[in-house]
Peer 1: 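Following this message is one structure expressed as structure tokens.
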Amino acid sequence: MDYFVVEGPTPLRGTVRAAGAKNAALPLMAAAMLAEGRSVLANLPDLRDTRFFLDLLGEMGVRGELDGGTLTLDTTGGLTSTTAPYEIVRKMRASIYVLGPLLAVRGEARVSRPGGCAFGPRPVDLHERGMAALGAELAEEHGYIVARAPRGGLRGGRFRFDPVSVGATCNVLMAAVLARGESRLENCAIEPEVTQLVEALVAAGAHIEGAGTRTLEVQGVASLTPLEVAVIPDRIEAGTYLAAAAIAGGEVRVEGCRAGHMAPILAVLRDLGCKVTEHADDDDKAAAAEEAITCARTGPLAPVRVETQPFPGFPTDMQAQIMAAAALADGVSFVTDTIYPDRFTHAAELVRLGARIEVKNGTATIIGTERLQAAPVMASDLRASAALVLAAAAAHGCTEIRRVYHIDRGYERIEHRLTSLGARITRASE
Ligand code: UD1
């Protein structure tokens, strides 16, 4: 198994480019199942999760071809299987995304039920109840969710997501676009990744009103044309590299990101006392993809209060990285995760690096310290591992981080990008 060795402290200076967003790529890959023919996804990030998803689609007869950052998904001839097996689903919860497309296209699906994860129980009841609202019948068989559409296929329905769910919104939407009649989906997630899926489906011929709002009205169509879309930049990856400058010191510029997707993250970086500069070309919309953001730490960090919320609130996926920064702030910070109240496994590992953190009732209290020190630590989930890598770059000494396979799920070549910024980080195998 791979681990990272990080030698700190090193300030980080330089420029990195944001990759395509994992959380946008996965539903788009699933959506390719909805159309017969060759869908083309540009700016696809090369990650363990996108490769797992490609394997999963392969099980269903979708032929994938990855050429540089461009993925072609060919469904010509139809989907050959309706099963998402345990062996793949257990590695990647987002496998549940095939439920909606399979029901829509094949009228049946057998999807291994995703288990819990490092940050607590993660139910999929909204995915299931949303499919039921479109007429599907669901049963539990040996750890599999077995779903069947009524004779003649799914029909339009009405469903309200409570709480707001990124995954369930995408999944039920993918099922609704090919259902007979009208659907009304309420309290939908409006994360940029969801909006990109809505827009890509509309471009493929789906009738959806309300992109970017909490209510989506769908008029089912008989078929879609293949998708053609460039995956939006990863706001969490971009935010992680900007946070790196806050934690380790220095100045990091991230290119190819979208400031409009990152407002709450940039606000917290500013609250920490960093100088955040957005370099956008207002006159040229086409240049939006070329936006850049710089984050510079110019002095001591200030304490912050952060509460995670669905978009447009502060993302839970940035909570661990901001906690690593707060650990070095001059004062007491509070971080509350309202989405995953148990998502604090990184706190105990940051404590091993010298941070002073106490977690109680979904809130971490962080008493800032001047200096972190190296120690062996263990990554527990994707964003927790990112926080540990950044904290290690700021810590004095040589930190070993185990279980970095978590980080490979969602960060493209993180050690190369951090090395280019001046970090001393190497990947080793045991
Ligand atoms: C997605 C992201 C993940 C991010 C999360 C929250 C992907 C692949 N993953 O995960 O990185 O941390 O959004 O922004 O895009 N819930 C239910 N029942 C359900 C589904 C969700 O109760 O059926 C609850 C969850 O427990 C959680 C909340 O809804 O408290 C939000 O979760 P959700 O938005 O669904 O997260 P994911 O889509 O799994």
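When a ligand or atom number is given, it counts from 1 through the structure's own listing order. No hydrogens, no waters, no symmetry mates; every other heavy atom, side chains included, goes into these values.
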Peer 1: Looking only at non-hydrogen atoms, find the nearest pair between A175 and M131 and report the distance.
Peer 2: CB-SD, 3.7 Å
Peer 1: If we ignore angles and hydrogens, is there a donor and acceptor under 3.5 Å between the side chains of T336 and T363?
Peer 2: yes
Peer 1: I need the minimum non-hydrogen distance between F53 and L26, along with the two atoms involved.
Peer 2: CB-CD2, 3.8 Å
Peer 1: What is the nearest protein non-hydrogen atom to atom 25 (C) of ligand 1, stated with its residue, atom name and distance?
Peer 2: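 Here the nearest protein heavy atom works out to Y340 CE2, 4.0 Å.
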Peer 1: How far apart are the C-alpha atoms of E182 and V218, what are their side-chain angles, what is the distance that settles it, and do they pass the side-chain contact (heavy atoms from CB on, under 4.5 Å) test?
Peer 2: CA-CA 6 Å; E182 265 176 43; V218 184; over 6 Å; no
Peer 1: Examine ligand 1 and decide if any of its atoms is less than 4.0 Å from a heavy atom belonging to M92.
Peer 2: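 No, M92 has no heavy atom closer than 4.0 Å to ligand 1.
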Peer 1: Starting from atom 30 (O) of ligand 1, find the nearest protein heavy-atom neighbour and note its residue, name and distance.
Peer 2: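 Closest protein heavy atom to atom 30 (O) of ligand 1: I339 O, 2.8 Å.
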Peer 1: Starting from atom 19 (C) of ligand 1, find the nearest protein heavy-atom neighbour and note its residue, name and distance.
Peer 2: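 Looking at atom 19 (C) of ligand 1, the protein heavy atom closest to it is P123 O, 3.1 Å.
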Peer 1: Looking only at distance, does E191 have an N or O less than 3.5 Å from an N or O of ligand 1?
Peer 2: no
Peer 1: Should the ring pair H127 and Y97 be called parallel, tilted or perpendicular, given that the plane angle runs from 0 to 90° and is split at 30 and 60?
Peer 2: tilted
Peer 1: Within the 4.0 Å heavy-atom shell around V124, which atoms of ligand 1 are there?
Peer 2: 19 (C), 23 (O)
Peer 1: Taking both backbone and side-chain atoms of S165, is any N or O found less than 3.5 Å from an N or O belonging to ligand 1?
Peer 2: yes
Peer 1: Looking at atom 39 (O) of ligand 1, what's its closest protein heavy atom, distance included?
Peer 2: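 I find the closest protein heavy atom is R122 NH2, 2.9 Å.
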Peer 1: May I ask you to identify the nearest protein heavy atom to atom 31 (C) of ligand 1, giving residue, atom name and distance to one decimal place in Å?
Peer 2: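 Residue, atom and distance for the closest contact: V164 O, 3.6 Å.
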Peer 1: What part of R343, side chain from CB on, backbone N/CA/C/O, both or neither, has a heavy atom under 4.0 Å from ligand 1?
Peer 2: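 Just the side chain.
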Peer 1: If you have a sec, work out which protein heavy atom is nearest atom 14 (O) of ligand 1 and how many Å separate them, to one decimal?
Peer 2: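 I find the closest protein heavy atom is T316 CG2, 3.8 Å.
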Peer 1: Distance under 4.0 Å to a non-hydrogen atom of H127: what atoms of ligand 1 satisfy this?
Peer 2: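 Here the atoms of ligand 1 in question are 23 (O).
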Peer 1: Please state whether L382 comes within less than 4.0 angstrom of ligand 1, counting heavy atoms only.
Peer 2: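 It does not, in that no heavy atom of L382 comes within the 4.0 Å cut-off of ligand 1.
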Peer 1: What's the shortest distance from atom 12 (O) of ligand 1 to any protein heavy atom, and which residue and atom give it?
Peer 2: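 Answer for atom 12 (O) of ligand 1: D317 OD1, 2.6 Å.
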Peer 1: Using the rule side-chain contact (heavy atoms from CB on, under 4.5 Å), only one of V98, T80, D74, L57 pairs with V62; which is it?
Peer 2: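 Exactly one pass, corresponding to L57.
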Peer 1: If you measure from atom 34 (O) of ligand 1 to every heavy atom of I236, I96, V166, which option wins on shortest distance?
Peer 2: V166
Peer 1: For atom 9 (N) of ligand 1, what is the closest protein heavy atom, and at what distance to 0.1 Å?
Peer 2: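 That would be N23 ND2, 3.5 Å.
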Peer 1: Please state whether the rings of F161 and F159 are parallel, tilted or perpendicular, taking 30° and 60° as the class boundaries.
Peer 2: perpendicular
Peer 1: Are L154 and L178 packed together at the side-chain level, in the sense that at least one heavy-atom pair is separated by less than 4.5 angstrom?
Peer 2: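 No; the side chains remain at least 4.5 Å from each other.
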Peer 1: Heavy-atom pairs closer than 4.0 Å: do any link ligand 1 to the side chain of L126, the backbone, both, or neither?
Peer 2: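 Looking at L126 and ligand 1, atoms from backbone and side chain both fall under 4.0 Å.
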Peer 1: Within 45 degrees of the ring normal and closer than 6.0 Å to the centroid, is that where the cationic atom of R427 sits relative to F4?
Peer 2: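 Not satisfied by the 6.0 Å and 45° rule.
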Peer 1: Please state which option from A189, G167, P114, P163 has its nearest heavy atom closest to atom 29 (O) of ligand 1.
Peer 2: P163
